[in-house]
Amino acid sequence: MNLAALAVGVLFGLGLAISGMLNPAKVLGFLDIAGPWDPTLAVVMAAGLGVNAIAYRLTMRRASPVLAVAFQVPARRDIDVRLVLGSVLFGVGWALAGICPGPALASLGAGAWEGGGAFEPRILIFVAAMLAGMGLFAFFEQAGSPARR
Amino acid sequence: MHEFTPLTGALGGALIGLAAALLLALNGRIAGISGIVGGLLPPRAGDALWRLLFVLGLALGALLVRLYSGAPLAVPVESSTFTLVLGGLLVGFGTRLGSGCTSGHGICGLARLSPRSLVAVLTFMASAMLTVFALRHALGGGS
């Protein structure tokens, strides 16, 4: 199960790197609909979604996953404030740097430090801030935030 | 400035979709990066190693492409330190509050026809596009 997670992670990282989504400028080129628009991100999502949607239907015919006891798939269908507010905040942050969680972590292995020739761990700043943001959320959760429902 | 690259985009996207499909079929887990990483904060016994290995794999996969291509991947991080910190904080906090990011809601949730994921994807796409528009066009300056 752990080995499967590693192998699947490698596959995911290959996909991110090949698709060009490790390049923040390319992501921002998609988000900038008023500029010289680059629809590549939409193609990446459509391809990923297409493959996964077909596979999902086949997988769910099974009673359980191959290596684990049970499927752990979210069952909630309600739309709440947290979902929308969280997505708004994520969108703003994504737009600021052109980096979302997958590419941020994959970039750690992609030679992001090679910019400018010298060691330039700029991506580490983003990853550290992202982990801090996640940690902050976990802290508020544990403290019983007022947004809790 | 950046060219439309549909072929590598489709190939990479298909690999991402395959990865998400395999994680569900093998381990029964959703391949949402923010959820996988967020589950490490704090780490729980027996539930941490697979998450760490998945993240290690992400970096390894990118490294393989980097080694094979022989040239640095185009990953210039041009944003200022302030932008990286603010962006990172918002991405980290927002994805946890909103229960997912581009992968969890976009690749996985939409494949399950989840109404929550549809709302999330439409919301973060709109919010990101509006932010880029505001920064690049409405406010006039480059970041």
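A note on names: the letters A, B, ... follow the listed sequences, proteins ahead of strands, and every chain is numbered from 1.
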Quiz item: What part of B/Leu113 lies closer than 4.5 angstrom to a heavy atom of chain A: side chain, backbone, both or neither?
Solution: both

Practice problem: Name the member of A/Leu85, A/Leu131, A/Ile99, A/Val43 that forms the most heavy-atom pairs with chain B at distances under 4.5 Å. | Solution: A/Val43

Practice problem: Indicate yes or no for a side-chain donor-acceptor contact from A/Asn52 to the backbone of B/Ala111 under 3.5 Å, with no hydrogens or angles considered. | Solution: no

Exercise. Would you name the heavy atoms of B/Ala10 and A/Ala47 that are closest together and state the gap between them?
Key: O-CB, 3.4 Å

Self-check item: Nearest heavy atoms of B/Thr123 and A/Val84, plus distance in Å
Solution: CG2-O, 3.7 Å

Self-check item: Heavy-atom side-chain contact between B/Phe54 and A/Phe12 under 4.5 Å
Solution: yes

Quiz item: Would a distance-only check, ignoring hydrogens and angles, find a side-chain to backbone donor-acceptor pair under 3.5 Å from A/Lys26 to B/Glu3?
Solution: yes

Practice problem: State plainly whether one hydrophobic cluster holds both B/Leu86 and B/Leu130, where clusters connect Ile, Leu, Val, Met, Phe, Trp and Tyr through side-chain heavy atoms under 4.5 angstrom apart. | Solution: no

Practice problem: Could you walk me through whether B/Val65 and A/Leu22 pass side-chain contact (heavy atoms from CB on, under 4.5 Å), step by step? | Solution: CA-CA 11 Å; B/Val65 175; A/Leu22 297 190; over 6 Å; no

Quiz item: Measuring heavy-atom distances to chain A, does B/Val55 have an atom under 4.5 Å in its side chain, in its backbone, in both, or in neither?
Solution: side chain

Quiz item: Are any of the side-chain heavy atoms of B/Leu24 and A/Pro65 separated by less than 4.5 Å?
Solution: no

Quiz prompt | A/Pro103 portion near chain B, given a 4.5 angstrom heavy-atom threshold | solution = neither

Quiz prompt | Min side-chain heavy-atom separation A/Leu83-B/His105 under 4.5 Å | solution = yes

Quiz item: Is there a donor-acceptor contact under 3.5 Å from the side chain of B/Arg116 to the main chain of A/Asp78?
Solution: yes

Exercise. Among the options B/Leu53, B/Thr102, B/Thr95, pick out the one with the most heavy-atom pairs lying under 4.5 Å from chain A.
Key: B/Leu53

Exercise. To the nearest 0.5 Å, tell me how far A/Ile18 CD1 sits from B/Leu15 CG.
Key: 5.0 Å

Exercise. Let me see the working for B/Arg29 and A/Phe71 under side-chain contact (heavy atoms from CB on, under 4.5 Å), right down to the final yes or no.
Key: CA-CA 6 Å; B/Arg29 290 286 185 164; A/Phe71 290 111; over 6 Å; no

Self-check item: Most contacts with chain A, counted as non-hydrogen pairs under 4.5 angstrom, among B/Leu52, B/Val121, B/Leu23, B/Leu11
Solution: B/Leu23

Practice problem: Tell me yes or no: between the side chains of A/Arg122 and B/Thr81, is some donor less than 3.5 Å from an acceptor? | Solution: yes

Quiz item: So, the side chain of A/Arg82 versus the backbone of B/Arg96: is there a donor-acceptor pair under 3.5 Å, distance only?
Solution: no

Practice problem: Not counting sequence neighbours, which residues clear salt bridge (charged side-chain N to carboxylate O under 4.0 Å, His left out) with A/Arg62? List them please. | Solution: none

Quiz item: Is it true that a side-chain atom of A/Thr40 and a backbone atom of B/Thr5 form a donor plus acceptor pair closer than 3.5 Å?
Solution: yes

Self-check item: Spacing of CG belonging to A/Leu11 relative to CG belonging to B/Leu58, to within rounding of 0.5 Å
Solution: 10.5 Å

Self-check item: Minimal non-hydrogen separation, A/Ala129 against B/Val85, with atom names
Solution: CB-O, 3.4 Å

Quiz item: Checking heavy atoms, do the side chain of B/Ala126, its backbone, both or neither come under 4.5 Å from chain A?
Solution: neither

Self-check item: Flag side-chain contact, heavy atom, 4.5 Å: A/Leu96 against B/Leu135
Solution: yes

Self-check item: Non-hydrogen atoms of A/Val92 and B/Ser127 that approach each other most closely
Solution: N-OG, 3.2 Å

Quiz item: Tell me, side chain or backbone of A/Met21 under 4.5 Å from chain B's heavy atoms, or both, or neither?
Solution: neither

Quiz item: Based on non-hydrogen pairs under 4.5 Å, which of B/Ala20, B/Cys101, B/Ser117 is most in contact with chain A?
Solution: B/Cys101

Exercise. Measure A/Ile33 against the heavy atoms of chain B and call it side chain, backbone, both or neither at under 4.5 Å.
Key: side chain

Self-check item: Common cluster, B/Met129/A/Leu28, ILVMFWY with side-chain heavy-atom separation under 4.5 Å
Solution: yes

Quiz item: Closest approach of B/Leu84 and A/Ile125, non-hydrogen atoms and distance?
Solution: CB-CG2, 4.0 Å

Exercise. Show your reasoning for whether side-chain contact (heavy atoms from CB on, under 4.5 Å) applies to B/Ser34 and A/Met134.
Key: CA-CA 8 Å; B/Ser34 59; A/Met134 288 180 172; 3.8 Å; yes

Practice problem: Counting only heavy atoms closer than 4.5 Å, note whether A/Leu41 contacts chain B via side chain, backbone, both or neither. | Solution: side chain

Quiz item: If Ile, Leu, Val, Met, Phe, Trp and Tyr residues are connected whenever their side-chain heavy atoms lie under 4.5 Å apart, and connections chain through other members, are B/Leu40 and B/Ile30 in the same group?
Solution: no

Exercise. Against chain B, label A/Leu58 side chain, backbone, both or neither, depending on which of its atoms sit under 4.5 Å from a heavy atom there.
Key: neither

Exercise. Test side-chain contact (heavy atoms from CB on, under 4.5 Å) on B/Leu97 and A/Phe140 and set out the steps.
Key: CA-CA 10 Å; B/Leu97 184 65; A/Phe140 284 137; over 6 Å; no

Quiz item: Any side-chain heavy-atom pair from A/Val73 and B/Arg112 closer than 4.5 angstrom?
Solution: yes

Quiz item: In Å, rounded to the nearest 0.5 Å, how long is the span from CH2 of B/Trp50 to CG of A/Leu67?
Solution: 12.5 Å

Exercise. Give, as side chain, backbone, both or neither, the part of A/Ser87 having an atom under 4.5 angstrom from any heavy atom of chain B.
Key: both

Exercise. Identify the two heavy atoms, one from B/His137 and one from A/Asp32, that lie closest to each other, and give their separation to 0.1 Å.
Key: NE2-OD1, 2.7 Å

Quiz item: Going hydrophobic residue to hydrophobic residue with side-chain gaps under 4.5 angstrom, can you get from A/Val10 over to A/Met1?
Solution: no

Self-check item: A/Leu108 reachable from A/Val27 in the ILVMFWY side-chain graph, under 4.5 Å edges
Solution: yes

Quiz prompt | Nearest-0.5 Å distance that lies between atom CG in A/Leu49 and atom CD1 in B/Ile16 | solution = 11.5 Å

Self-check item: Top of B/Val37, B/Leu64, B/Ile36 for chain A proximity - count of heavy-atom pairs under 4.5 angstrom
Solution: B/Val37

Quiz item: Can you check whether B/Phe93 reaches A/Met130 side chain to side chain, under 4.5 Å on heavy atoms?
Solution: no

Practice problem: Please state whether the side chain, the backbone, both or neither of A/Ala34 comes within less than 4.5 Å of a heavy atom of chain B. | Solution: both

Self-check item: Most chain A-contacting option - heavy-atom pairs closer than 4.5 Å, from B/Pro42, B/Gly38, B/Ala59, B/Ser99
Solution: B/Ala59

Practice problem: Taking the side chain as every heavy atom from C-beta outward, state whether B/Glu78 and A/Pro24 have any pair of such atoms under 4.5 Å apart. | Solution: no

Quiz item: Mind checking whether A/Phe90 and B/Leu90 have side chains closer than 4.5 Å, heavy atoms only?
Solution: no

Self-check item: Distance, nearest 0.5 Å, that separates CD1 of B/Ile107 from CE of A/Met45
Solution: 5.0 Å

Self-check item: chain A interface, residue from B/Leu56, B/Val91, B/Asn27 that has the most non-hydrogen pairs under 4.5 Å
Solution: B/Asn27

Quiz item: With only heavy atoms counted, which part of B/Arg51 is less than 4.5 Å from chain A, the side chain, the backbone, both or neither?
Solution: neither

Quiz prompt | CG (B/Leu122) with more than 12 external heavy atoms under 6.0 Å | solution = yes

Self-check item: Gap between atom CG of B/Leu41 and atom CZ of A/Phe137 - 0.5 Å precision
Solution: 11.0 Å

Practice problem: Sort A/Phe139 into side chain, backbone, both or neither according to what part of it lies under 4.5 angstrom from a heavy atom of chain B. | Solution: neither

